[in-house]
Protein chains: 2
Amino acid sequence: MKLSTRGEYGLRAMFDLAQHYGEGPIPIKSVAERQEISEHYLEQLIAVLRKAGLAKSVRGAQGGYILARDPEEITVGDIIRVLEGPIAPVDCLNDREGECCERAETCVTRGIWEKVRDSISSVLDSFTLADMVDKASKMQQDDKHYMYYI
Amino acid sequence: MKLSTRGEYGLRAMFDLAQHYGEGPIPIKSVAERQEISEHYLEQLIAVLRKAGLAKSVRGAQGGYILARDPEEITVGDIIRVLEGPIAPVDCLNDREGECCERAETCVTRGIWEKVRDSISSVLDSFTLADMVDKASKMQQDDKHYMYYI
DNA sequence: GCTAAAGTCGACTTTTTTACTCAGCTTTAA
DNA sequence: TTAAAGCTGAGTAAAAAAGTCGACTTTAGC
């Protein structure tokens, strides 16, 4: 039950773009440096996000990437689904009803996986990039406070 | 976000033992046949479940495996955690607080993964093997009904 | 127009994990 | 005593994940 680095890196990259939203195109190189991710690898991930319509690219000098929509309009679920494929603990959830499992027995487990999937989805969809940026800035505030009183 | 076959097979095997609970030790071979899982592979999985205290073995002729506790006392979460490792979308959730991520920024995502983990856990812990056996027998009833009316 | 800073594309490699397989051993009911 | 079970550890093949490389295209700014 683990995310691959694709989802983790991709989310961090999109979060980075969200933090710089409004500043024009952000070069992938700078995102990779800040997030400590291999530039070439990140290139691949962001290409997927672009094709899925979550990010836009601006080619040429002074180019880079921008979120395709406002940070409020992009959920963590949107990003994870694109990079990790459909959220489904077992494959048969992606098949049409009745297309898998001959034995009804086996399908008892299916109901459980469905509930797991739905609960993951609903958690992931409940966070937007804007929420994350808010939280990050609050954390920085707290840090300052803390420093102040030392 | 996918389960490996370890969790899937292991759960099916334990479900099989639950269906035969009270009938004495069930040989792994028969479980493997019913569930269409490689016998040798299943041996490895059930060994892990045994060491974790979820199943008991009876060696020698007429031996086999038995659930270590009543089916009501074993949840799907117990089984999955043993076979798939701790439920944690990202590794840093298994570290102690503050041991990971230097940058507070990075840790904004951590809060999200924590909620995902907790929601998965609570779904998995809400099903016991007894629930699954009940459901399977109901499904068989329904099947008979269905057949009856054709 | 040239140049350098960007993104684009596809193929390649390495590493890790998964999913088995095998052989030989130990235990024990009948 | 024997055959049916579990136990153990090593080995392996295939797949997926993670990352690398190099050549190409686009475009702002000089």
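Within every chain, numbering begins at 1; the chains are lettered A, B, ... in the order of the sequence lines, protein sequences first and strands thereafter.
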- [ ] Using a 4.5 Å cut-off on heavy atoms from C-beta on, say whether the side chain of Val31(B) contacts that of Ile26(B).
- [x] yes

Open item on the list: Judged by each residue's nearest nucleotide on DNA chain C, which is more toward the 5′ side, Glu43(A) or Gly60(B)?
Closed with: Glu43(A)

- [ ] Taking the side chain as every heavy atom from C-beta outward, state whether Leu17(B) and Ile46(B) have any pair of such atoms under 4.5 Å apart.
- [x] yes

Task: Protein proximity profile, nucleotides 13-21 of chain C - base contact B, sugar-phosphate-only contact S, no contact -, cut-off 4.0 Å on heavy atoms - done: ------SBB

Task: Non-hydrogen side-chain atoms of Tyr9(A) and Glu36(A) separated by less than 4.5 Å - done: no

Open item on the list: With a strict under 4.0 Å distance from non-hydrogen atoms of chain B, what nucleotide opens and what nucleotide closes the contacted stretch of DNA chain D, reading 5' to 3'?
Closed with: dA4(D) to dA10(D)

Open item on the list: Within the 4.5 Å heavy-atom criterion, are Arg12(A) and Met132(A) side-chain neighbours or not?
Closed with: no

Open item on the list: Is there a side-chain contact between Leu129(B) and Tyr21(B) in this structure, where contact means two heavy atoms from C-beta onward sitting under 4.5 Å apart?
Closed with: no

Can you give the donor-acceptor pairs under 3.5 Å from side chains of residues 48-61 of chain B to other protein atoms, not counting sequence neighbours?
none

- [ ] Report yes if the side chains of Trp113(B) and Val123(A) come closer than 4.5 Å at any heavy-atom pair, otherwise no.
- [x] no

Open item on the list: Just so I know, are the side chains of Ile28(B) and Tyr65(B) near enough to count as touching, which here means a heavy-atom distance under 4.5 Å?
Closed with: yes

- [ ] Output the residues of residues 23-33 of chain A in contact with DNA chain D, where contact means a heavy atom of the residue under 4.0 Å from an atom of the strand; sort by number or write none.
- [x] none

Open item on the list: Taking the side chain as everything from C-beta on, heavy atoms only, tell me whether Gln44(B) gets closer than 4.5 Å to His40(B).
Closed with: no

Task: Side chain Thr5(A), main chain Glu8(A), donor-acceptor under 3.5 Å - done: no

Enumerate donor-acceptor pairs with a distance under 3.5 Å from any side-chain N or O in residues 75-90 of chain B to protein atoms, sequence neighbours excluded.
{"from": "Thr75(B)", "atom 1": "OG1", "to": "Gly77(B)", "atom 2": "N", "distance (Å)": "3.3"}
{"from": "Thr75(B)", "atom 1": "OG1", "to": "Asp78(B)", "atom 2": "N", "distance (Å)": "3.1"}
{"from": "Thr75(B)", "atom 1": "OG1", "to": "Asp78(B)", "atom 2": "OD1", "distance (Å)": "3.4"}
{"from": "Thr75(B)", "atom 1": "OG1", "to": "Asp78(B)", "atom 2": "OD2", "distance (Å)": "3.3"}
{"from": "Thr75(B)", "atom 1": "OG1", "to": "Asp125(B)", "atom 2": "OD1", "distance (Å)": "3.3"}
{"from": "Asp78(B)", "atom 1": "OD2", "to": "Thr75(B)", "atom 2": "N", "distance (Å)": "2.9"}
{"from": "Arg81(B)", "atom 1": "NH1", "to": "Ser121(B)", "atom 2": "OG", "distance (Å)": "3.4"}
{"from": "Arg81(B)", "atom 1": "NH2", "to": "Asp125(B)", "atom 2": "OD1", "distance (Å)": "2.6"}
{"from": "Arg81(B)", "atom 1": "NH2", "to": "Asp125(B)", "atom 2": "OD2", "distance (Å)": "3.3"}
{"from": "Glu84(B)", "atom 1": "OE1", "to": "Ser4(B)", "atom 2": "N", "distance (Å)": "3.4"}
{"from": "Glu84(B)", "atom 1": "OE1", "to": "Ser4(B)", "atom 2": "OG", "distance (Å)": "3.4"}
{"from": "Glu84(B)", "atom 1": "OE2", "to": "Ser4(B)", "atom 2": "N", "distance (Å)": "3.2"}
{"from": "Glu84(B)", "atom 1": "OE2", "to": "Ser4(B)", "atom 2": "OG", "distance (Å)": "2.8"}
{"from": "Glu84(B)", "atom 1": "OE2", "to": "Gly7(B)", "atom 2": "N", "distance (Å)": "2.8"}

- [ ] Kindly state which residues belonging to residues 45-56 of chain A come within less than 4.0 angstrom of DNA chain D, counting heavy atoms of the residue only, listed by number.
- [x] none

- [ ] Using atom types as modelled and distance alone, determine if a side-chain donor or acceptor of Asp118(B) lies under 3.5 Å from a backbone N or O of Lys115(B).
- [x] no

Open item on the list: Looking at Lys135(B), I want to see if its NZ is surrounded by more than 12 non-hydrogen atoms of other residues, nucleotides or ligands under 6.0 Å.
Closed with: yes

Open item on the list: Regarding Gly63(A), tell me which of base, sugar-phosphate or nothing describes its non-hydrogen contacts under 4.0 Å with the strands shown.
Closed with: sugar-phosphate

